[in-house]
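So the structure is just underneath, and the comments pick up after that.
Hydrogens, waters and symmetry mates play no part in the numbers below; they use all other heavy atoms, side chains included.
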Amino acid sequence: MAFITANWNPLGEAFYRKIELYEMGWSLRDGLKECLVAAAPYGGPIALLRQPQRPSSSARPQLEIYSSSGVNMASFPWKSGPVRQLGWTVCDDLLCIQEDGTVLIYDLFGAFKRHFSMGNEVVQNQVLEAKVFHSPYGTGVAIVTGASRFTLATNIDDLKLRRLPEVPGLQGAPSCWAVLTQDRQTKVLLANGADLYILDNTSCTPVTPPGLSPQACSIVNMAVSFSYKYLALFTDSGHLWMGSANFKDKLSEVDTKVRTPPKQMVWCRRPKSQQPSVVIMWDRLLLVAGECTDTIQYTLDEESVCVAELDGVRIVGGSRHELLQEVPSACQDIFKIASMAPGALLLEAHKEYEKSSQKADEYLREIKEQSVLGEAVRQCVEAAGYEHEPETQKTLLRAASFGKCFLSNYPPEPFVSMCRDLKVLNSVRDYTVGIPLTHTQYKQMTVQVLIDRLVYRKLYPLAIEICRYLKTPEYQGVSRVLKHWACCKVQQKEEPDESIAHAVSVKLGEAAGISYSEIAARAYECGRTELAIKLLEFEPRSGEQVPLLLKMKRSQLALSKAIESGDTDLVYTVVTYLKNEMNRGDFFMTLRNQPVALSLYRQFCKHQEQDTLKDLFNQDDDHQELGNFYVKASYKEKKLEARLSLLQSAVDEYNKARNEFAAKATEEEMKLLRFQRRLDEEKGEALLGLSLQETLHALLTSNFHKQAEQLYRDFRVPDKSDLEGAAEAAIERRSEGEISTVLSRCSPTTDRALLERLNRARSTAAKK
């Protein structure tokens with residue numbers, strides 16, 4: 001396996017290797033010359049703003065978006081203002097920062113999403129330099145203006161602009177600057193000649209790097225590590241200082257022997273590595289510097305760009321895409337020449353086994369004697385994850401599988417998990433996909449984020465296959481991907497509504513956790529209302545259908561769906577919406593066509609809007625219910641004249657309804673009220689509002705026998721059979737007003753059973 005170490009270069013106690021990821025698929029005549037380039041981390045896309053080859057008044061720059069393998073994803077002429085900087089958000093949206101401070105945001109396929117401004121002061125003074133950075137809060141933008149002032153936005157999704165304090169003595173742009181995230185705060189570190197300052201919200205603080213070479217007259221470049229923990233400074237004397245970003249510790253200082261200011265400088269450090277290293281790039285030279293005085297130098301034969309990664313540096317050129325990284329310790333132990341590490345011995349044992357050589361037994365015996373067979377298997381499994389070539393991965397995994405055969409208690413999970421991870425990684429590293437993730441990046445990113453990225457690139461089949469292969473819960477995996485596919489499908493304006501609705505229903509079927517209402521909402525946002533209605537037919541939950549139908553102004557359909565659901569709260573929601581949106585006449589006419597909704601609204605009006613209830617009865621010419629309404633309203637009146645007026649209205653309505661019993665009973669009620677008033681005026685007896693039996697009893701108790709006889713002559717006191725007959729008729733008609741009238745004729749002492757029956761009937765009638 002000596003060829004594996006052919007591209008290894010030693011630096012101190014570590015080795016570094018440069019792996020070719022892709023031969024780029026793009027066709028750039030002059031490579032990356034005259035291009036503004038931005039590449040997203042974690043194997044993300046690459047954006048190029050190419051200047052026209054023959055500048056003229058009509059020529060425009062071309063904005064192009066590619067995958068990491070150079071496959072074109074979008075291309076369009078740039079028609080806005082001059083661009084100072086390109087950058088990518090954590091969600092793979094492209095930021096274009098113009099010199100007037102406007103930031104335009106495009107998606108992965110070049111579709112414009114939105115824009116925002118970095119403030120009025122920036123518009124006046126123009127942007128000299130800008131940087132896009134990622135922090136725990138999201139994606140941020142920092143700029144320095146022509147007035148030498150810094151403006152910062154920590155999170156573009158929750159835009160809050162911060163204008164940082166003035167830097168003493170600074171004129172124009174600083175010699176170099178970077179964004180730091182420390183103590184949950186975002187700060188700017190800048191160099192003005194040999195002076196270093198940290199800008200936060202309130203102050204400008206000078207800082208001094210410990211142990212910086214006294215030969216330095218100016219700091220010309222700086223780089224912050226991927227984790228924001230470490231800082232590198234390059235001076236005009238060619239010295240590279242490396243230390244902690246809080247300036248408490250110095251890691252090393254290296255004389256690069258090159259005094260020319262570098263084009264780019266990025267950190268190259270594995271998460272658990274003890275060796276700090278920085279990659280410095282000039283026009284034709286790439287240099288790796290670490291703790292020792294030695295350096296690694298690579299010659300560049302084309303214009304290139306360095307992209308900082310979690311565990312290395314990607315180098316993007318006009319013809320190829322490479323990864324420069326420190327060789328992981330597991331790979332060093334196995335592949336280093338003359339290595340006697342357990343993993344190296346197990347690999348040799350497996351090679352000899354495949355040759356049917358007895359040396360395999362000798363290697364295995366040596367590993368077993370040292371009791372390190374488990375460690376050997378672990379090393380082979382770990383090293384397989386760090387290798388990019390599938391054949392090398394297979395060789396290491398076969399060796400690990402071979403070693404596991406001689407272990408009785410080795411857990412299978414690490415081996416199985418690595419096999420799964422590599423299958424996923426190899427599929428997304430494919431040239432057609434173009435996401436060259438390392439295993440370390442994949443674990444940091446998580447499967448869910450990878451699926452999101454595939455979905456964002458519209459690679460739905462691959463995303464579904466990965467979800468199924470990893471057995472991701474359906475609502476987190478396949479269903480989520482299908483929902484995104486459907487939301488994208490409804491935006492295809494060239495297809496008819498019927499075709500799209502059918503395709504979505506067939507594809508989604510009974511997939512768990514998918515809300516058709518969300519897909520319909522996306523269709524409505526795209527101006528396809530009829531398609532949205534067709535999609536809502538597949539939504540089983542009325543509670544999801546109705547709000548969107550109301551939003552689409554399809555109130556009649558929303559009311560029908562709400563009634564079909566049997567959910568009274570949902571019906572009330574629609575009725576309330578209709579009441580606010582329609583004029584009174586149209587509203588009542590709509591309810592007349594929906595008896596269930598009308599009944600529920602009447603029930604609501606009985607408790608909340610009595611006047612509206614009266615209007616409803618008038619609209620329907622429902623004289624019986626109007627009579628009942630006036631009778632019940634009379635009970636709430638304290639003034640006798642008003643009560644009598646309401647009862648007279650009730651009599652008129654009962655007569656129109658041809659309900660002679662109710663009309664007669666109401667007239668007698670009015671007659672009784674007048675009799676009670678007269679007695680009150682003549683004798684001072686408070687009888688007003690009592691029933692006939694109660695009035696008679698009160699008169700006899702007070703020795704008003706003459707008046708009692710008159711009451712008996714003028715009013716026929718109903719016997720039990722009369723009351724029961726009236727009660728039967730009222731209960732049969734379920735008329736609350738008639739039941740109340742009969743109740744007023746009953747005595748609490750003699751008609752207790754009938755009273756209970758009538759009260760139950762009235763409660764039932766009130767609920768209808």
Side-chain angles (χ1 to χ4, degrees), residues 36-49 63 65-68 73-74 80 83-99 101-119 122 127 129-144 150-164 177-189 199-201 223-229 245 266-267 305-310 314 435 437 441 444-446 448-457:
L36 193 58
V37 184
Y42 292 94
I46 303 168
L48 306 178
L49 186 63
L63 183 59
I65 301 175
Y66 296 90
S67 71
S68 288
M73 303 174 75
S80 193
V83 176
R84 289 295 186 194
Q85 186 67 32
L86 299 176
W88 292 94
T89 69
V90 292
C91 300
D92 280 355
D93 284 332
L94 178 63
L95 302 182
C96 303
I97 306 171
Q98 298 185 155
E99 68 175 16
T102 303
V103 182
L104 290 83
I105 305 178
Y106 294 83
D107 71 11
L108 201 58
F109 297 97
F112 177 75
K113 297 183 73 172
R114 62 185 178 92
H115 75 279
F116 63 89
S117 174
M118 293 297 289
V122 181
V127 176
E129 294 178 5
K131 294 185 188 294
V132 177
F133 61 92
H134 300 157
S135 73
Y137 306 104
T139 303
V141 174
I143 59 157
V144 57
F150 286 85
T151 300
L152 198 68
T154 306
N155 182 5
I156 63 170
D157 294 322
D158 182 20
L159 193 64
K160 295 177 182 176
L161 298 177
R162 293 161 43 200
R163 193 175 183 218
L164 301 184
W177 60 286
V179 180
L180 296 173
T181 299
Q182 294 179 344
D183 304 324
R184 299 179 67 109
Q185 284 190 358
T186 304
K187 307 175 183 179
V188 170
L189 173 68
L199 294 178
D200 58 20
N201 292 341
V224 181
S225 68
F226 201 83
S227 62
Y228 292 101
K229 291 182 179 180
V266 293
W267 278 82
V305 174
C306 291
V307 185
E309 290 285 5
L310 174 68
R314 285 192 290 136
I435 304 179
L437 282 176
Q441 294 166 16
Q444 178 74 15
M445 176 190 282
T446 72
Q448 289 300 322
V449 176
L450 177 59
I451 296 300
D452 288 340
R453 291 203 169 190
L454 293 174
V455 166
Y456 194 37
R457 295 181 185 219

In terms of heavy-atom contacts, Ala153 and Leu159 come closest through CB-CD1, 3.7 Å
Looking only at heavy atoms, the pair that brings Trp177 and Glu129 closest together is NE1-OE1, 2.6 Å
The residue among Leu180, Val224, Leu152 that forms side-chain contact (heavy atoms from CB on, under 4.5 Å) with Phe133 is Leu152
Note to self: With a 4.5 Å cut-off on side-chain heavy atoms, are Tyr456 and Asp107 touching?
What the structure shows: yes
Which of Leu437, Ile435, Leu310 passes side-chain contact (heavy atoms from CB on, under 4.5 Å) with Met445? It is Leu437
Side-chain donor/acceptor of Glu309 to backbone N/O of Tyr42, under 3.5 Å
yes
What one should report as the nearest heavy-atom pair of Leu161 and Ser117 is CD1-O, 3.7 Å
Value for NZ (Lys131) from CD (Gln85), rounded to nearest 0.5 Å, stands at 7.0 Å
Worksheet item: Run the side chain to side chain donor-acceptor pair (under 3.5 Å) check on Asp157 and Tyr137 step by step: do they pass?
Response: CA-CA 10 Å; Asp157 294 322; Tyr137 306 104; over 6 Å; no
Output, in order, the C-alpha distance, side-chain angles, deciding distance and verdict of side-chain contact (heavy atoms from CB on, under 4.5 Å) for Thr154 and Lys160. CA-CA 7 Å; Thr154 306; Lys160 295 177 182 176; over 6 Å; no
Between Val83 and Leu36 the two heavy atoms that sit nearest each other are CG1-CD2, 3.8 Å
Evaluate side-chain contact (heavy atoms from CB on, under 4.5 Å) for Ile156 paired with Val103, printing each intermediate quantity in order. CA-CA 10 Å; Ile156 63 170; Val103 182; over 6 Å; no
- prompt: Do NZ/NE/NH1/NH2 and the carboxylate oxygens of Asp200 and Arg162 come within less than 4.0 Å?
  reply: no
Q) Around atom NZ of Lys229, are there more than 12 heavy atoms of other residues, nucleotides or ligands at under 6.0 Å? A) no
Note to self: Using only atom types and a distance under 3.5 Å, with no angle test, would you say the side chain of Arg84 pairs donor to acceptor with the backbone of Val127?
What the structure shows: yes
- Message: Are the side chains of Arg457 and Pro45 in contact, using a 4.5 Å heavy-atom criterion?
- Response: yes
Can a donor-acceptor pair be found, under 3.5 Å and without considering hydrogens, that links the side chain of Gln182 to the backbone of Ala245?
yes
Here the pair of heavy atoms bringing Gly44 nearest to Ser68 is O-OG, 2.7 Å
Between the CG atom in Leu86 and the CG atom in Leu104, the distance rounded to the nearest 0.5 Å is 11.0 Å
Shortest non-hydrogen pair, Val307 vs Ala40, comes out as CG1-O, 4.3 Å
Between the SG atom in Cys91 and the CG atom in Asp452, the distance rounded to the nearest 0.5 Å is 8.5 Å
*Is it true that a side-chain atom of His134 and a backbone atom of Trp88 form a donor plus acceptor pair closer than 3.5 Å?*
yes
Quick check: does any side chain N or O of Thr151 sit under 3.5 Å from a backbone N or O of Ile143, one acting as donor and the other as acceptor? no
TODO: Check whether any side-chain N or O of Trp267 sits under 3.5 Å from a backbone N or O of Ala308 as a donor-acceptor pair, and report yes or no.
DONE: no
- Query: Hey, is CZ on Arg184 packed in by over 12 heavy atoms from elsewhere, all under 6.0 Å?
  - Reply: no
Heavy-atom check, side chain of Ile105 versus side chain of Phe116, under 4.5 Å = yes
Value for CG (Leu164) from CG (Asn201), rounded to nearest 0.5 Å, stands at 7.0 Å
*Evaluate the criterion side-chain contact (heavy atoms from CB on, under 4.5 Å) for residue pair Leu94 and Leu63; output intermediate values, then yes/no.*
CA-CA 11 Å; Leu94 178 63; Leu63 183 59; 3.9 Å; yes
